[in-house]
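Atom set for the values below is all heavy atoms of this structure, side chains included, hydrogens, waters and symmetry mates excluded. Counting from 1, the numbers follow the sequence of the chain as shown.
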Amino acid sequence: MFDRLMQRTDGRVDHTEMTTLTLSNDIGKMSDRIGVMADRIGEMAERIVKTQEMQSQNMELMQKSMLETMQTMVKQMELSNKIIEIMINSGVNVAEKLPNGKMLTPESLSTFASTSTSLFAHPARKSTAQACVGE
């Protein structure tokens with residue numbers, strides 16, 4: 001009976017040792033896989049950072065471009081206002097020059113081309129008009 005009990009105990013110990021070795025081996029494999037995954041995550045993080053740097057540069061360029069566009073539009077509006085002011089001061093009757101009644105539209109602005117040309121050509125207004133457009 002004692003021998004049988006010892007055999008059972010030995011069998012259990014041997015089995016426990018094998019189980020422990022198998023688990024240890026599995027844990028080693030899992031840690032290797034985790035290491036590979038960590039490397040891949042690191043590579044992806046580097047790519048993300050590079051992408052963010054590029055996007056940041058693109059965003060900065062776009063903002064500068066938009067600012068320049070807005071500044072150009074403001075200058076154009078200022079020049080348009082000065083031209084209209086010159087027309088008003090020169091006694092041009094805007095209502096008579098508009099083809100569509102009294103609405104100032106992009107189409108009706110073409111009518112002012114001849115008026116504007118004559119204003120610029122007028123000796124008394126020529127220097128003021130040139131000052132408006134920076135000539």
Side-chain angles (χ1 to χ4, degrees):
M1 177 155 161
F2 183 72
D3 286 337
R4 196 185 245 190
L5 185 59
M6 286 301 284
Q7 285 176 352
R8 276 188 185 169
T9 303
D10 285 343
R12 287 182 185 164
V13 169
D14 288 342
H15 183 67
T16 303
E17 286 177 15
M18 288 302 291
T19 303
T20 302
L21 290 174
T22 302
L23 286 172
S24 177
N25 188 32
D26 289 345
I27 290 170
K29 287 178 183 177
M30 285 175 25
S31 67
D32 289 342
R33 290 178 184 164
I34 290 170
V36 170
M37 286 173 43
D39 290 342
R40 288 181 184 166
I41 290 170
E43 290 172 8
M44 290 303 294
E46 289 173 7
R47 289 179 187 169
I48 289 169
V49 169
K50 287 179 183 177
T51 301
Q52 287 177 334
E53 289 172 354
M54 289 178 4
Q55 287 176 341
S56 175
Q57 292 169 354
N58 289 342
M59 180 64 85
E60 183 181 357
L61 290 173
M62 184 195 68
Q63 288 173 339
K64 285 180 181 179
S65 175
M66 290 300 294
L67 179 61
E68 288 175 14
T69 301
M70 290 167 45
Q71 289 171 340
T72 301
M73 291 173 66
V74 167
K75 287 178 184 177
Q76 287 177 339
M77 289 300 296
E78 289 171 351
L79 290 174
S80 295
N81 288 340
K82 286 182 181 183
I83 290 170
I84 290 174
E85 182 181 337
I86 290 169
M87 291 172 67
I88 290 170
N89 290 338
S90 69
V92 173
N93 188 345
V94 175
E96 290 176 5
K97 299 292 182 181
L98 292 173
N100 299 328
K102 294 185 180 181
M103 282 189 55
L104 189 60
T105 65
E107 293 80 21
S108 65
L109 284 175
S110 65
T111 305
F112 288 122
S114 60
T115 306
S116 299
T117 303
S118 64
L119 285 175
F120 283 105
H122 190 275
R125 298 289 179 206
K126 190 170 185 178
S127 60
T128 308
Q130 287 173 339
C132 287
V133 293
E135 291 180 1

Within residues 39-65 or reaching into it, pairs that qualify as salt bridge (Lys or Arg N to Asp or Glu O under 4.0 Å) - sequence neighbours excluded:
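Checked against salt bridge (Lys or Arg N to Asp or Glu O under 4.0 Å) - neighbours excluded - the pairs reaching residues 39-65 are E60-K64.
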Nearest-0.5 Å distance that lies between atom [atom1] in [X] and atom [atom2] in [Y]:
X: M54; Y: T51; atom1: CE; atom2: OG1; result: 5.5 Å
X: D26; Y: L21; atom1: CG; atom2: CG; result: 11.0 Å
X: M73; Y: M66; atom1: CE; atom2: CE; result: 8.5 Å
X: D32; Y: I27; atom1: CG; atom2: CD1; result: 12.0 Å

Test your reading of the model: is there a side-chain donor-acceptor pair from [X] to the backbone of [Y], 3.5 Å cut-off?
X: S65; Y: L61; value: no
X: S80; Y: Q76; value: yes
X: S24; Y: T20; value: no

Partners of M59 by side-chain contact (heavy atoms from CB on, under 4.5 Å), sequence neighbours excluded?
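For M59, the residues satisfying side-chain contact (heavy atoms from CB on, under 4.5 Å) (neighbours in sequence not counted) are M62, Q63.
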